[in-house]
Structure formats: C-alpha cells, structure tokens
Number of protein chains: 2
Amino acid sequence: MKKKGKITDIEGKKMAKFSKIPEATIRRLSSYLKCMVDLEGKNEKVASSAVIASICNVNAAQVRKDFAYFGEFGIRGMGYNVKDLKRHIKEILGINREWRIAVVGVGNMGSALLVYKDFLKQNYKIVAAFDLYPEMVIGRISERVGKPVEILHVDRLKEVVSARNIEIGIITTPPQEAQKVADQLIEANIKGILNFSPAPVRTSENVKLRNLFFTSALDNLVYYLSN
Amino acid sequence: MKKKGKITDIEGKKMAKFSKIPEATIRRLSSYLKCMVDLEGKNEKVASSAVIASICNVNAAQVRKDFAYFGEFGIRGMGYNVKDLKRHIKEILGINREWRIAVVGVGNMGSALLVYKDFLKQNYKIVAAFDLYPEMVIGRISERVGKPVEILHVDRLKEVVSARNIEIGIITTPPQEAQKVADQLIEANIKGILNFSPAPVRTSENVKLRNLFFTSALDNLVYYLSN
DNA sequence: TATTGTGAAGCCTTTCACAGCA
DNA sequence: TGCTGTGAAAGGCTTCACAATA
C-alpha cells in the first residue's frame, strides 16, 4: 500500500476505501479463495498470478488487478504467499468470523445442507432448522444424517432467529412456500437470504437476496453445448 | 425479424445468427424463463419488459435488448406473450429437448438431486447414478427417496454413459474425488460437467465445465452484508 | 530475473432516449 | 396510447504493456 492506499484499517478490520469494486471481482474472490485452500492443501507456499489465473480460468492481469483493489498483497519477482492471500481474501469477503445460519425447509436438499461439510470449513454454521412438520422430518432423516440440529416448527422462526443471533436464512422449501418463508425471514429481521428454491422471491430493500438456481447452471451449460 | 434478421431457422432449430451474445444475457435468460414459468402459473398471458425487469431485478431496456438478440418476440403497445416467450427462451437455451444426465457420488447432496423435481420439469433427466459403494448407498437412501434410478458402481461409468446416451455429468462426490471423477467423465466422452463439489476441477478443451459452489453464493451475500 | 502493480487502450455491457408500431 | 426495438452515449470491465521492485 503505497501510492494510493486502497485499504483503511478501522478497528482492526480491512475495508475497501474506494468502493467502486466490480461485482465480478467479488465473485472471483470466492474462486481465488477456493484456489488458495486447494494450494494450501498441496503444501504450496507461494503462487504467481499466472498460476492462480490458470486454475481459476481467468487472465493473470485480472487476478493482479482484483487483488490490487484491496492492497498490495504480492511480492514482486515471487508471487503471492498462499496463507496470507487466503487470510486477506477472507477478511475482504467478511468471512473471517462465524456466520450463523437458519435452514428453512428440511426436505432432501435441506437435510443435505445440514450436514454439508464445506459450510463448516468456511465458518458458516447452521444453528437452526425449520420445517412445517418437524416430527416427520426427524423420522425421515435422523437415522441417516444423525441429528445435527433440532428441527423446529416454522412457527418458531422469528423467536429463534432472534434468540440465536441468526443473520442468514437459507430457503430450501418447495417453490410454492418460498415467498411465504422469505416474508417470515424478513419479519424476523434476517440480514440476508439465500434462496435454493426454484421460485423467484421478493425481499424488502434492506434484506439482501441471492438465488442459487440449480437449473440455471444446467441451462447455461446446455446453451454452450448447443451453440 | 425484419431489418437485420437475428435468427436463422435451420432444420426447424432457431440459432443466433450473430454469435456476439453477451454471456450475461445467457445467464439472464435462465432467470427470465423462471419468471415466465411463474407468471404462467399465475395465469398471466402477457408481460411487459417493465414487469419482467422488476421480477428479475434488472433494467427494462436490458430485458428488451436481451430478447432482441434473438428476434422480435414482443408486441408493441402490449408486451410479451408469456407462453410464446417461454418457448422461445427454451429454444434459445437448447432446453426444448430432453438432456440425459448422470450423477456421480450419491451422498446426501447426490441423493437429493436424484429426486429434485425442478430438473424433471425442465427436461433434465437423471438416467444413471454412480457411487464407489452402491450397496451402501442403497441401504442409506432407499427407504427415504425410493429408488429413482439404480445406483451403479463407478467402474461402470464409461460403459453406461455410452449405452444410455448421457451428455452431462454432475459431480457430487467429496472434493478429493472430484478430479478423478471428472477425468473418468471426460474419458467417457461426456459433453458437459456440472461440478457441485467444492473443489476446482480441470477439464479437457472440448468438455464444458460449470461449477456450482454453494459457499460462493454465501461468500457473495456476506460480502455485501459486510460492506 | 521474475513477477507484481497499474495507467491507458480497447472492448464489452448497460442505459438512455426515442422512432416505430400494434 | 403504450410498449417494443434499437442507435447512440455512457459506463464499466478486461487486457495490454511496461515501469517498479523484491
């Protein structure tokens, strides 16, 4: 950080000073992070932008520019220190602390998420699960995945979100329930929603929404297979 | 289609004549399609670009321009016919026919996908499932999800992909198996791979890859919650 | 010497604004 | 009249090319 200092340290937290960070950069940061975890697992200490670029399928200048938005993390002539870069990316993304999550809808997908190991590795902690029929859920999944969290009736959503300091809700209900659940999450003062259900969902202005549509990934793949 | 005819009909198939279609447009088409399905379910016959834009959180001009790459689908003064537009989008994406899929790795996530209803609705058909320990899988999931497809040993992948005309492989193995499975799928002459495992995967030039990293969606959400 | 950090150029995408049309 | 289709302008992102430097 020298000429134009791109980062401010406020109370020990790194923040982008110039908030004109491209959305695409943020998306790529996630993928760079996966790359760092992978390289760390292979005991690589240092990685050049060229190496990172080739793993993540992007241009090397892109990689350097993406990092440069947030500071000077590299060593000229060498590359980037894998451990340090990993730490920096986590700080930038805000995932250098635990995020407490509720899963709403404990069907097949929901129960898969309850035991999804990659969430835990990344400091994402599912601390509550809700369903319309908690007793049936327990019968359905308990012998298979154990009992990672108690399954509660969805009526208790607001109370429990508040009591357990839950900031993010994941919707894994059937599509016809998705909007209702979103409304309940908003009512419970959730901060962000990740919608796994294949239905469009509206939120209020102050609740961030991300959709994760499985078929969209397939649609995209198929388009490029067909054209 | 009038001045610059953006579409050719070759053997009954619509194709983009000028292939300079933005990638972002293709991503949005998927979301417009979900919107159309939703509106159709609500018995809406016609939708303006403004309505579609507001549901999909984009600009109305964007919506019109996206469609205009492929033809003139709208009616001035009216909007777009929901059913027709849905059909057009499916044609453009190439999902107006069945796509045969194999799921590799029948753990919690894999078995959730085997019975994921939205795939079927969209003409995505899972016609084979593979695991390292098929007998154990059957014990694990059969009483819960029934037996949508027979679970086969992964050794039979190449043979079965060929015999069943499978074009797409979905990887839902633990991360440490992902690359090996990708290599086997490539060896089996698969056309495209959708990687659900949280590990980076390399493919050969002629095999298209899409990653669907759950934590990336969370990372992105969290970044915007933190900043 | 190898590789980063970065202005500047070029390219791509979005938005505006309005002509064209049902 | 109301909404689409689209040229042109604006804006944003990526890539190039090279100075800076460990």
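A note on names: the letters A, B, ... follow the listed sequences, proteins ahead of strands, and every chain is numbered from 1.
- In this structure B:D183 satisfies the salt bridge (charged side-chain N to carboxylate O under 4.0 Å, His left out) test with no other residue, sequence neighbours excluded.
- In this structure, the side chains of A:I171 and A:L185 come closer than 4.5 Å at one or more pairs of heavy atoms.
- Within the structure, ring-ring contact (aromatic ring centres under 6.0 Å, His included) contacts touching residues 28-54 of chain B (residues at least two apart or in different chains) are B:Y32-B:F67.
- Look at CG on B:D84: it is 15 Å from P on D:dT4, rounded to the nearest Å.
- Atom CG of B:L85 and atom C1' of D:dT4 are 13 Å apart (whole Å).
- Within the 4.5 Å cutoff, the side chain of A:E167 has no heavy atoms near those of the B:L225 side chain.
- Each of B:A61 and B:M78 lies near DNA chain C, and the nucleotide nearest B:A61 is the one positioned closer to the 5' end.
- Although no hydrogens or angles enter the test, the distance criterion places no donor-acceptor pair under 3.5 Å between the side chain of A:S197 and the main chain of A:T172.
- Summary for the helix from C:dT1-D:dA22 to C:dA22-D:dT1: the axes at its two ends, each from 5 pairs, differ by 20° when rounded to the nearest 10 degrees.
- When the side chain to side chain donor-acceptor pair (under 3.5 Å) test is applied to B:Y124, the partners found at least two apart in sequence or on another chain are A:D219.
- In this structure, B:N81 places its CG atom 16 Å from P of C:dA22, rounding to the nearest Å.
- For A:E23 and C:dT14, the CD to C1' distance is 13 Å, given to the nearest whole Å.
- Summarising the geometry, the separation between CZ on A:R64 and C1' on D:dA19 is reported as 12 Å, rounded to the nearest angstrom.
- Using bins of under 30°, 30° to 60° and over 60° for the plane-to-plane angle, the ring pair A:F214/A:F196 lands in the perpendicular bin.
- Going from atom CG of A:D66 over to atom P of D:dT15 covers 10 Å, rounded to whole Å.
- Taking atom CD of residue B:Q62 and atom P of nucleotide D:dT4, one finds them 14 Å apart after rounding to whole Å.
- Taking side-chain N and O atoms only, A:R28 has a distance below 4.0 Å to OP1 or OP2 of D:dT14.
- For B:Y80 and C:dA22, the shortest distance from a side-chain N or O to OP1 or OP2 is not below 4.0 Å.
- Pairs passing the side-chain hydrogen bond (donor to acceptor under 3.5 Å, both in side chains) check and including a residue from residues 51-60 of chain A, sequence neighbours excluded, do not occur.
- Between the CZ atom of B:F67 and the P atom of D:dG5 there is a distance of 9 Å, rounded to whole Å.
- Residues from residues 32-60 of chain B that place a heavy atom under 4.0 Å from any atom of DNA chain C, listed by number: B:N59.
- The side chain of B:R76 has C:dG20 as its nearest neighbour among D:dA17, D:dA22, C:dG20.
- Expressed to the nearest 0.5 Å, how far OG1 of A:T25 lies from CZ of A:R27 amounts to 9.0 Å.
- The nucleotide whose nearest atom lies closest to any side-chain atom of A:E72 is, among D:dG2, C:dC18, C:dT6, C:dT6.
- For C:dG7, the base has a donor-acceptor partner in the side chain of A:K65 [N/O atoms by modelled type, under 3.5 angstrom].
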